[in-house]
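The shown structure was predicted, so the numbers you read here are calculated from the model rather than taken from an experiment. Values below: every heavy atom of this structure, side chains too, minus hydrogens, waters and symmetry copies.
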Amino acid sequence: METSKTTLKLLINKTERKVLFAEADKDFVDFLFYVLSLPVGTIINLLKNKNTGWCLGDLYRSIESLSETYMQSNESKNSVLNPKSPLCPNEIPLLSLDNSHEPNAVLKFFSCPNSNHYSSSHLYVADAPSRSCPGCDATMNHELTFVPPECTTATDAERGFVKGVVTYMVMDNLEVTPMSTISCITLPIKFKVMDLSALEEQVVDFGIDEGLKLLKASMECKNVLTSVFLGNMED
């Protein structure tokens, strides 16, 4: 898992102990976009030790305890408990939470042992060695050599989701907009801040620990940044 960090510049209302917004770069916004691409099973796995109190967590643990005997022969619990994100490894943002694309997580594919270059009836590919060939019903346990997509040539500017030529404004509820001078001026009015001396800037680090807190808070409240960095959570 990545250990890199980025920084956020928070604008805080000291009187109300509330984050009005964060000034963020591409890495943080890419992280937020990436969260939306994570499969539910991955999110529950990441937060299963965080005392979320979600029923989905109970469901996850019950599937973990379920014997493989009850699974269909062509399915496995792992495909549900540890689903893979569809993103190319080098397209994953700097602060990837998902560990399914770590270097030691090698993708494996399997074909029918009866396949050859001269017959099309066995040319099928599976992601688990327990699948049955639709052509002959043999177990598809012949491991293939996987060639990853050519995404290693992506430059820092090309990876991720958003462009890095602008600074972004991320609201307390994680809404994302491009940063502008006008929006910065009008926000205190929007939030009814009468005393500008109550506002202060604070630069904070954002890494894996903060990412997990943000993921959990985003499922529980609307004031996510305030919850993560100031410890105040509202329904």
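Annotation: the span from Arg131 atom CZ to Cys112 atom SG amounts to 14.5 Å, rounded to 0.5 Å. To the nearest 0.5 Å, atom CZ of residue Phe109 and atom CG of residue Leu144 are 9.0 Å apart. To the nearest 0.5 Å, the span separating OG on Ser79 from CG on Asp127 amounts to 7.5 Å. Interatomic distance, Ile12 CD1 to Leu20 CG, rounded to the nearest 0.5 Å: 8.5 Å.
Val80 approaches Pro83 most closely through the heavy-atom pair O-CD, 3.3 Å. Contact detail for Thr15 and Ala198: the closest heavy-atom pair is OG1-CB, 3.4 Å. Closest non-hydrogen pair, Ser218 versus Leu215, comes out as OG-O, 2.7 Å. Shortest non-hydrogen contact noted between Val162 and Asp30 is N-OD1, 3.0 Å. Summarising the geometry of Tyr124 relative to Cys133, their closest heavy-atom pair is CD1-SG, 4.0 Å, with the distance given to 0.1 Å. Summarising the geometry of Gly41 relative to Tyr60, their closest heavy-atom pair is O-CE1, 3.6 Å, with the distance given to 0.1 Å.
With hydrogens and angles ignored, the 3.5 Å screen pairs no side-chain donor or acceptor of Lys77 with any backbone N or O of Glu68. Not a single donor-acceptor pair under 3.5 Å links the side chain of Glu16 to the backbone N or O of Asn13. Between the side chain of Thr42 and the main chain of Leu38, no donor-acceptor pair closer than 3.5 Å is present. Ser67 contributes a side-chain N or O that, together with a main-chain N or O of Thr69, makes up a donor-acceptor pair within less than 3.5 Å. In this structure, Arg17 contributes its side chain and Leu230 its backbone to a donor-acceptor pair below 3.5 Å.
Residue Lys213 qualifies as open at atom NZ: its count of foreign heavy atoms under 6.0 Å is 12 or below. The environment of NZ in Lys14 is crowded: more than 12 heavy-atom neighbours from other residues, nucleotides or ligands sit within 6.0 Å.
With sequence neighbours left out, the salt bridge (charged side-chain N to carboxylate O under 4.0 Å, His left out) criterion links Arg61 to Asp58. Under the rule for a side chain to side chain donor-acceptor pair (under 3.5 Å), Thr7 has no partner lying at least two apart in sequence or in another chain. Residues passing the side-chain contact (heavy atoms from CB on, under 4.5 Å) test with Leu59, sequence neighbours excluded: Leu56, Ser62, Ile63. Contacts of Glu143 classified as side-chain contact (heavy atoms from CB on, under 4.5 Å), with partners at least two apart in sequence or in another chain: Lys108, Phe110.
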Using the side-chain contact (heavy atoms from CB on, under 4.5 Å) rule, take Phe161 and Lys26 through it: C-alpha gap first, then chi angles, then the decisive distance, then the call.
-> CA-CA 8 Å; Phe161 298 95; Lys26 168 183 169 59; over 6 Å; no
side-chain contact (heavy atoms from CB on, under 4.5 Å) between Phe31 and Thr6: does it pass, once the steps are laid out?
-> CA-CA 10 Å; Phe31 168 80; Thr6 188; over 6 Å; no
Can you check side-chain contact (heavy atoms from CB on, under 4.5 Å) on Thr186 and Ile182, steps first, answer last?
-> CA-CA 6 Å; Thr186 58; Ile182 294 177; 4.2 Å; yes
Give the intermediate values and the outcome of side-chain contact (heavy atoms from CB on, under 4.5 Å) for residues Phe191 and Leu11.
-> CA-CA 12 Å; Phe191 288 103; Leu11 183 64; over 6 Å; no
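The salt bridge (Lys or Arg N to Asp or Glu O under 4.0 Å) contacts involving residues 196-208 comprise nothing, where partners must be two or more places apart or lie in separate chains.
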For residues 167-179, tabulate all N or O donor-acceptor pairs below 3.5 Å that involve a side-chain atom, not counting sequence neighbours.
from	atom 1	to	atom 2	distance (Å)
Tyr168	OH	Lys163	O	2.7
Asp172	OD1	Leu225	N	2.9
Asp172	OD1	Thr226	N	2.8
Asp172	OD1	Thr226	OG1	3.3
Asp172	OD2	Lys18	NZ	3.3
Asp172	OD2	Thr226	OG1	2.8
Asn173	OD1	Glu175	N	3.2
Asn173	ND2	Glu175	OE2	3.1

